[in-house]
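For reference, the structure is listed below as structure tokens.
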Amino acid sequence: MSTAIHNTNKACCNIPPVQADYQPKGTFKSLGDFQKVYVAGPEKSDNAIVCVFDIFGYFPQTQQGADIVASNLNTTVYMPDFFEPNEAFPSSKYPPKTDQDKADIQAFFGGTASPPKAIAKLTKFGNYLKSQGAKNVGIYGFCWGGKVVVSAAGENTPFAAASIIHPAMLSVDDAEKLTIPLAIYVSHDESEDEYNKILDVIGKKSFASLNDHKYYKNMFHGWAAARGDLNNEENKREYEEVYGKLIEFFKKAL
């Protein structure tokens, strides 16, 4: 597998994940081509939402977010294991301390976490959910998962709305190809210039009225997923706010 895909977000490669005291409410099931999918919310709903986690895979903070979205929208949220049959990247190797650690993370992005491979898996799963009766399917992703989500939201996408939260590899080129509404929430660790270019592009799309965005200047890359410190009051407050915005976005766009 090619290792040409490189993550250039320095914060993504330096901020370690933190544990959170939360017991996920969902269950794991085998669905579509995935052996392991975290499922939150009702067993079946008119619409569906798919979450693409970050490179650390299943983490209490990310699963708690899925539970929040599912319960507030009364919509089933699916979080497939995009890295199977391999493992998520070990949090013990973050931040990378040696040249070998740095090489390992880039190799992970080019192999197990290859974006093109994950985009194909996500698109196929979206089509699967629609074949099972879902009228509209939304997607959201964090960090690496944000790149996967926005890349799967172009021409012939099976999805109806997409959101990216502290996305890695942020690129206006991806926004130009969008064919569905986008909600984008970035931290001070993402490129503000690229973020503004994306807003300019999506603001001219036919679905502009459905888009949403916010620049969380006081937050760091990862605050809403595996690296979120929910024992920190400011992080907890912004975590709650961004999920509230995500819920409102999907309520309107789906």
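- Side-chain contact check for Asp212 versus Phe250: every heavy-atom pair is 4.5 Å or farther apart.
- Under the 3.5 Å distance criterion, with hydrogens and angles disregarded, a donor-acceptor pair is assigned to the side chains of Asp67 and Tyr38.
- Pairs of residues two or more places apart, or lying in two chains, that qualify as ring pair (Phe, Tyr, Trp, His ring centres under 6.0 Å) and include a residue from residues 114-135 are Phe34-Phe125, Tyr78-Phe125, Phe125-Tyr128.
- Residues satisfying the side-chain hydrogen bond (donor to acceptor under 3.5 Å, both in side chains) criterion with Glu238, sequence neighbours excluded, are Asn218.
- A 4.5 Å side-chain heavy-atom check between His188 and Phe220 finds at least one atom pair inside the cut-off.
- Looking at heavy atoms from C-beta onward, Trp144 lies in side-chain contact with Phe109 at the 4.5 angstrom threshold.
- The ring of Phe249 has its center no closer than 6.0 angstrom to the ring center of Tyr140.
- Residues that satisfy the side-chain hydrogen bond (donor to acceptor under 3.5 Å, both in side chains) test with Lys251, not counting sequence neighbours, are Glu248.
- Side-chain contact between Thr76 and Leu129: absent, with no pair of heavy atoms (C-beta onward) separated by less than 4.5 Å.
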All N/O donor-acceptor pairs, side-chain side in residues 145-156, below 3.5 Å, sequence neighbours left out:
| from | atom 1 | to | atom 2 | distance (Å) |
| --- | --- | --- | --- | --- |
| Lys147 | NZ | Met169 | O | 3.3 |
| Lys147 | NZ | Asp174 | OD2 | 2.7 |
| Ser151 | OG | Lys147 | O | 2.7 |

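- Relative orientation of the Tyr216 and Trp223 rings is tilted, given thresholds of 30° and 60° on the angle between their planes.
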In residues 195-202, what donor-acceptor pairs under 3.5 Å come from side-chain atoms, sequence neighbours left out?
| from | atom 1 | to | atom 2 | distance (Å) |
| --- | --- | --- | --- | --- |
| Tyr195 | OH | His213 | ND1 | 3.1 |
| Tyr195 | OH | Lys214 | N | 3.4 |
| Tyr195 | OH | Tyr215 | N | 3.4 |
| Asn196 | ND2 | Glu192 | O | 3.2 |
| Lys197 | NZ | Asp193 | OD2 | 3.3 |
| Asp200 | OD2 | Lys204 | NZ | 3.4 |

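- Residues passing the side-chain hydrogen bond (donor to acceptor under 3.5 Å, both in side chains) test with Gln132, sequence neighbours excluded: none.
- Partners of Thr75 under the side-chain hydrogen bond (donor to acceptor under 3.5 Å, both in side chains) rule, at least two apart in sequence or in another chain, do not exist in this structure.
- For the salt bridge (Lys or Arg N to Asp or Glu O under 4.0 Å) condition, no pair includes a residue of residues 126-146, sequence neighbours left out.
- Applying the salt bridge (Lys or Arg N to Asp or Glu O under 4.0 Å) test to Glu176 and every residue at least two apart in sequence or in another chain returns nothing.
- No side-chain heavy atom of Asp54 sits less than 4.5 Å from a side-chain heavy atom of Phe89.
- Take Lys121 and apply the salt bridge (Lys or Arg N to Asp or Glu O under 4.0 Å) test, not counting sequence neighbours, and it matches no residue.
- Under the rule for a salt bridge (Lys or Arg N to Asp or Glu O under 4.0 Å), Lys25 has no partner lying at least two apart in sequence or in another chain.
- Counting heavy atoms from C-beta on, the side chains of Met219 and Tyr185 never come closer than 4.5 Å.
- A donor atom on one side chain and an acceptor atom on the other are not found under 3.5 Å apart for Gln61 and Tyr239.
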Enumerate donor-acceptor pairs with a distance under 3.5 Å from any side-chain N or O in residues 81-88 to protein atoms, sequence neighbours excluded.
| from | atom 1 | to | atom 2 | distance (Å) |
| --- | --- | --- | --- | --- |
| Asp81 | OD1 | Phe83 | N | 3.1 |
| Asp81 | OD1 | Glu84 | N | 3.4 |
| Glu84 | OE1 | Gln35 | N | 3.3 |
| Glu84 | OE1 | Lys36 | N | 3.2 |
| Glu84 | OE2 | Gln35 | N | 2.7 |
| Asn86 | ND2 | Thr112 | OG1 | 3.2 |

